[in-house]
Amino acid sequence: MNRDFKNLIAAMSAEDKVALLNGSGLWRTASLPQHGIDDIVMTDGTYGVRYSSAQKDGSEKWSMDDFISVITQTADQANAEESAAKGGSEALFSASLPATCFPNGSSLACSWDIDLVYQMGQALGRECQHMGVGILLGPGINIRRTPLAGRGYEYYAEDPVVSGDIAAALINGLQDEGVGASLKHFAANNSEYRRTEMDSIIEERALREIYLAGFQRAIAKSQPWTVMSSYNRLNGVQTSQDPFLLTQVLRDEWGYQGLVMSDWYGVKDRPASLLAGNDLAMPETRRDKQTLLAAIESGEVPMSVVDRACLRMLELLDKVQRHRRPNAQADFPAHHALSQQLAAESIVLLKNDDGLLPLRPEKTPRIAVVGKPAQEPVIQGSGCATTVPYLFDRPLDEIFDLAGDDFSVRWAVGAPDDLRDDEAALAQAKAVAQEADVAVIFVSTAVGEDGENGDRQDLNILAVHERLIREVASVQPNVVVVLANSDAVVMPWLGDCKALLETFFAGQGMGRAVAEILFGLRNPSGKLTVTVPNTLEETPAWLQYPGENLRHHYGEGLFVGYRYYDKRCLNPLFPFGFGLSYTQFAYDNLLLSTTRVGADDTLTVTVDLHNVGAYDGKEVVQLYVSAPKGELIREVRALKGFTKVALAAGETRRVSLQLPIAELACYHPGLADWVITPGEWHLHVGASSRDLPLSATFEIDCPPRYVPLRDDNSLQQLIQQPEAFARVVQLIAGKSQIPAEQVREKLIRLVPDLFCGLLIALTEFLALDIERDELNAVLAGTN
C-alpha cells in the first residue's frame with residue numbers, strides 16, 4: 001500500500017470515508033479539502049462526450065431533473081440542440097455542449113479495425129481533457145443477445161471476442177490520453193425491459209463463456225481504470241452487490257485492480273454493495289450515505305473493507321489528477337474527419353445486384369435522392385449516450401457536393417411524417433424517381449424507439465419508409481436503400497432494392513461516408529457483428545423474451561447469435577461477419593505453424609489473401625475453430641481471431657493470425673474450472689461465419705480432465721476414466737480373487753447391460769462385499 005494513502009486513510013473519520021465512497025451531486029466525486037482531496041468529473045458516454053456547462057462549472061443540480069433529461073434525450077433532440085448551440089443558445093439537459101458524435105457501438109464494431117478504434121479512443125480522451133472530464137462512462141460491451149434490446153445500439157456484437165477486442169482498443173486510446181474508462185454494464189444487462197427489477201437467469205457456463213468473456217478479454221488487454229456494475233439482478237443477486245461477480249470473478253479470478261462503481265442509482269443496499277466489492281456509489285444519495293455510516297458504526301461493514309475501497313478511490317483520483325491537461329484543446333475538425341473515416345469503415349454493403357454501386361455517370365447519370373433521413377440523418381440512438389454533435393454531415397448535401405457536374409441530382413422527401421403517409425409527397429417521390437436512372441432511398445427505424453428502460457417493440461423500419469421503398473420500386477428498377485437503425489431489422493422489402501447500405505447509427509460523419517461509398521471514392525469494408533434474422537420469431541432469445549415474474553431465463557444458453565443458427569442449421573437473412581465489397585477477395589495456402597500443440601502454446605495461422613477485383617479494398621479475415629466431440633455440448637464453430645487487411649487491386653498479401661490455445665478452453669461446471677479438450681480440432685478461415693473456404697486440423701495434446709466419479713455413476717462412465725477404472729478393477733480383483741485382466745474384460749462386456757449405479761452393480765449384480773465409502777475412496781484415488 002502506498003504509505004501516503006495509508007496515512008491519509010488513517011486520518012479520515014468514518015464520515016469522511018463514507019463521503020469519499022459516494023458521489024457528490026450527479027457527476028462528481030467528493031471533494032475533501034481538509035484532507036487535500038479534490039473531486040473529479042465523470043460523464044457519459046460510449047461514443048461521444050455528453051457534457052454540460054453545469055458539469056463544467058460544478059453547478060449541476062442535485063435533483064432528478066438533469067438525470068431524467070439525460071436518459072430521455074432522443075437523437076433528434078440532440079441534432080436540434082446542435083443547431084441551437086451553434087446559434088449561441090443552449091438547449092436541453094443543462095446546456096449540453098457540442099462534441100464529436102462518433103459511430104455508435106453497433107456501427108463502430110462493424111469496422112473490425114482495432115487501430116482505427118484506438119484512434120477514436122484517443123480523440124475521446126482529448127475531448128474529455130478539453131472539457132475537464134476525468135472518467136468517461138464507457139465503453140459498453142454487453143452481448144447483443146436480442147435485437148429488441150433498447151441499448152443494443154451502444155453495444156458492439158453478439159460475440160465476446162470482437163466485443164472484447166474493440167473495447168480494449170477504445171479503452172487503450174482513451175487512457176493513453178490520461179482519461180479513465182468505465183467498462184460497463186457488468187454484467188448480463190441484455191435488455192432494457194424493467195432493467196432495475198429483472199433477474200437474468202443464466203447457467204454458469206453460458207455466463208462465463210458468452211456474457212463475461214468480453215469483459216474478461218477487454219480487462220486483460222486494457223486494464224480499464226473503472227468497471228461499472230449494472231442495474232439488473234443476476235441469478236437472484238443484484239449485480240451491484242454480488243460478491244461472486246465483483247470479487248470472486250472480477251478480482252480473485254481475473255486479477256482486476258481498479259475501482260468498481262455503480263450505475264446511476266443502481267445501488268439498492270449500500271452496505272451490501274460495499275461488502276461485495278462495489279467501491280463507489282453514484283450519484284450522491286443521502287440514504288446511501290446514511291445507511292453505510294450506520295453499518296460501519298454497528299460493525300456490519302468492517303473498517304478494513306471500507307479502507308480497501310478508499311484506497312482504490314484514492315488511487316483512481318490520483319491517477320486522474322496526475323494525467324490532467326488543463327490547457328488541452330481538442331481538434332474538433334480533425335475529429336470530424338476521423339468520424340467520417342470511422343463511418344466509412346463501418347458501413348456494411350449487404351446487397352449490390354448487377355454491380356449497381358458504385359454509381360457511374362455513364363450508367364446512372366440521373367440520381368433521385370428520396371427520404372427525410374437524407375436531409376435529417378439518423379446518426380445515433382437515444383438515452384444517456386446521446387451526444388450533441390459538433391458538426392454533422394447531411395447526406396443530401398454531400399451527394400450534391402460529390403455529384404458535381406457528372407450527375408444530375410433531384411431530391412424528394414417522400415415521407416415527411418414518420419407516423420403517417422403523405423400521398424402528395426409520395427407521388428412527388430415516385431415522379432422524381434421515375435425520371436431518374438437510379439433512386440437512393442434513405443430509411444430508418446423510429447427515432448426514440450431505442451434507449452434506456454425500454455426495448456424495441458418489433459424489428460421493422462418505419463412503416464412509411466417501407467411503403468416508400470415499395471412505391472418507388474414500382475416505377476424505378478434501380479433502387480439503393482441506405483438504412484439507419486439501432487440493431488438488426490427484418491427486411492420484407494429487400495427484394496424491392498438492388499443495393500443496400502447498412503449504416504446502423506454511424507455518427508456525425510455518416511453523410512459524407514455514405515456519399516463517398518455511393519460514388520466509389522471509398523470501397524465499403526464493414527462486416528456485420530450480429531446475425532440479421534429473417535423474422536423476429538427465429539431469433540435465439542425469442543421464446544424467453546422478456547421473461548415473466550421478474551425472471552428472464554437465458555434458455556438458449558451458449559447458443560447466441562451465429563452459434564444458434566449454426567447449431568440449428570438455419571439460414572439467416574445475413575450471417576455474422578458478412579459484408580460485400582466493390583472488389584473480390586480470394587483465400588488460399590492456409591498453413592499452421594504446427595499441427596500438434598500443448599495447452600500453453602500459441603498456434604500461428606497464415607493465409608494468402610488476394611484482391612482479385614478491380615478496386616482497392618479491405619477485407620476482414622476471420623478465424624473460427626470447431627472443437628472435437630466431448631462430454632460438453634459445443635458450438636459448431638466459434639470466432640477466435642480476426643484482422644483487417646488493405647489490398648490494392650491485384651495485390652496478394654500473406655496474412656498471419658495468432659491463436660493462443662488457452663483461449664480454446666471452455667468452462668466445465670462439474671469441475672468449476674476452465675478445461676481444454678484434447679484431440680483433433682478444426683480451424684476455418686474466411687470472410688464470414690458462413691463463408692469459410694479454407695480449413696485445417698491440428699491436435700491438442702494435453703491430459704483429459706474428468707469430473708470426480710461417485711458410487712452412483714454408471715459402469716460406462718467409469719470405463720471412460722482409465723485411471724479410476726484401473727483402481728476399481730484392482731478393488732474387485734482383491735475382493736473376488738479373480739485376476740485383474742479377467743475382471744477388466746468382464747466389466748467391459750457388462751457395460752451395455754448394467755444401467756444402474758456402480759455400488760448397485762458391484763454389490764447386487766456381482767455380489768461383492770463393498771461399502772459405499774470404500775468405493776468412493778477408490779473412485780477418488782484416496783484409498
For this session: Please report the C-alpha distance between Phe519 and Ile399 in whole Å, then the side-chain angles of each, then the deciding distance to 0.1 Å, and finally whether the side chain to side chain contact (heavy atoms under 4.5 Å, CB included) criterion is met.
Result: CA-CA 9 Å; Phe519 290 110; Ile399 288 171; 4.1 Å; yes
For this session: Could you check whether the rings of Trp674 and Tyr667 sit parallel, tilted or perpendicular, using 30° and 60° as the cut-offs?
Result: perpendicular
Seminar exercise, completed: Output for pair (Ser163 OG, Phe215 CZ), nearest 0.5 Å, gives 9.0 Å
Problem set entry | Glu253 and Arg208 ion-paired at < 4.0 Å | yes
For this session: Evaluate the side chain to side chain donor-acceptor pair (under 3.5 Å) criterion for residues Tyr118 and Asp176: first the C-alpha distance (whole Å), next the side-chain angles of each, then the deciding distance (0.1 Å), finally the verdict.
Result: CA-CA 10 Å; Tyr118 175 84; Asp176 284 353; 2.6 Å; yes
Problem set entry | Under the side-chain hydrogen bond (donor to acceptor under 3.5 Å, both in side chains) test, residues paired with Asp608 that sit two or more places apart | Asn589, Arg654
Problem set entry | Salt-bridge contact Arg217-Asp165 (side-chain N to carboxylate O under 4.0 Å) | yes
Exercise. Is the shortest heavy-atom distance from the side chain of Tyr155 to the side chain of Lys184 under 4.5 Å?
Worked result: no
For this session: Taking the six-membered ring of Tyr624 (Phe, Tyr or Trp), confirm whether the NZ or CZ of Arg637 is under 6.0 Å from its centre and within 45° of its axis.
Result: no
Exercise. Hey, does Leu521 have a side-chain heavy atom less than 4.5 Å from the side chain of Leu402?
Worked result: yes
Seminar exercise, completed: Thr643 meets the side chain to side chain contact (heavy atoms under 4.5 Å, CB included) criterion, sequence neighbours left out, with Val621, Val645, Val655, Leu657
Exercise. Is the shortest side-chain N to carboxylate O distance from Asp159 to Arg563 below 4.0 Å?
Worked result: yes
For this session: Please work out whether the ring planes of His684 and His682 are parallel, tilted or perpendicular, with thresholds of 30° and 60°.
Result: parallel
For this session: Dump the intermediate steps for side chain to side chain contact (heavy atoms under 4.5 Å, CB included) on Leu518 and Val440, then the final yes or no.
Result: CA-CA 9 Å; Leu518 288 174; Val440 181; 4.1 Å; yes
Problem set entry | Stepwise side chain to side chain contact (heavy atoms under 4.5 Å, CB included) test for Arg705 and Asp673 | CA-CA 10 Å; Arg705 294 183 60 188; Asp673 200 3; 3.0 Å; yes
For this session: Could you tell me whether the side chain of Pro224 reaches within less than 4.5 Å of the side chain of Gln175, counting heavy atoms only?
Result: yes
Problem set entry | Six-ring centre of Phe504, Arg144 cation under 6.0 angstrom, axis tolerance 45° | yes
Problem set entry | Evaluation steps, side chain to side chain donor-acceptor pair (under 3.5 Å), between Gln129 and His323 | CA-CA 9 Å; Gln129 292 283 10; His323 288 89; over 6 Å; no
Exercise. Taking the six-membered ring where the residue is Trp, are the ring centres of Phe505 and Tyr47 under 6.0 Å apart?
Worked result: no
Exercise. Is the closest side-chain donor-acceptor distance between Glu158 and Thr529 under 3.5 Å?
Worked result: no
Exercise. Between Asp566 and Arg690, does at least one N-O distance fall below 4.0 Å, as a salt bridge requires?
Worked result: yes
Problem set entry | Partner of Met491 by side chain to side chain contact (heavy atoms under 4.5 Å, CB included), out of Leu483, Ile461, Val481, Leu459 | Leu483
Exercise. Does the side chain of Glu651 pick up a donor-acceptor pair with the side chain of His610 at under 3.5 Å?
Worked result: no
For this session: Only one of Phe574, Phe578, Phe576 passes ring-ring contact (aromatic ring centres under 6.0 Å, His included) with Tyr562; say which it is.
Result: Phe576
Exercise. Taking the side chain as C-beta and beyond, is there a heavy-atom pair between Val162 and Tyr156 under 4.5 Å?
Worked result: no
For this session: State, yes or no, whether a side-chain contact exists between Leu212 and Val249 at a heavy-atom distance under 4.5 Å.
Result: yes
For this session: Could you walk me through whether Thr387 and Val49 pass side chain to side chain contact (heavy atoms under 4.5 Å, CB included), step by step?
Result: CA-CA 7 Å; Thr387 302; Val49 186; over 6 Å; no
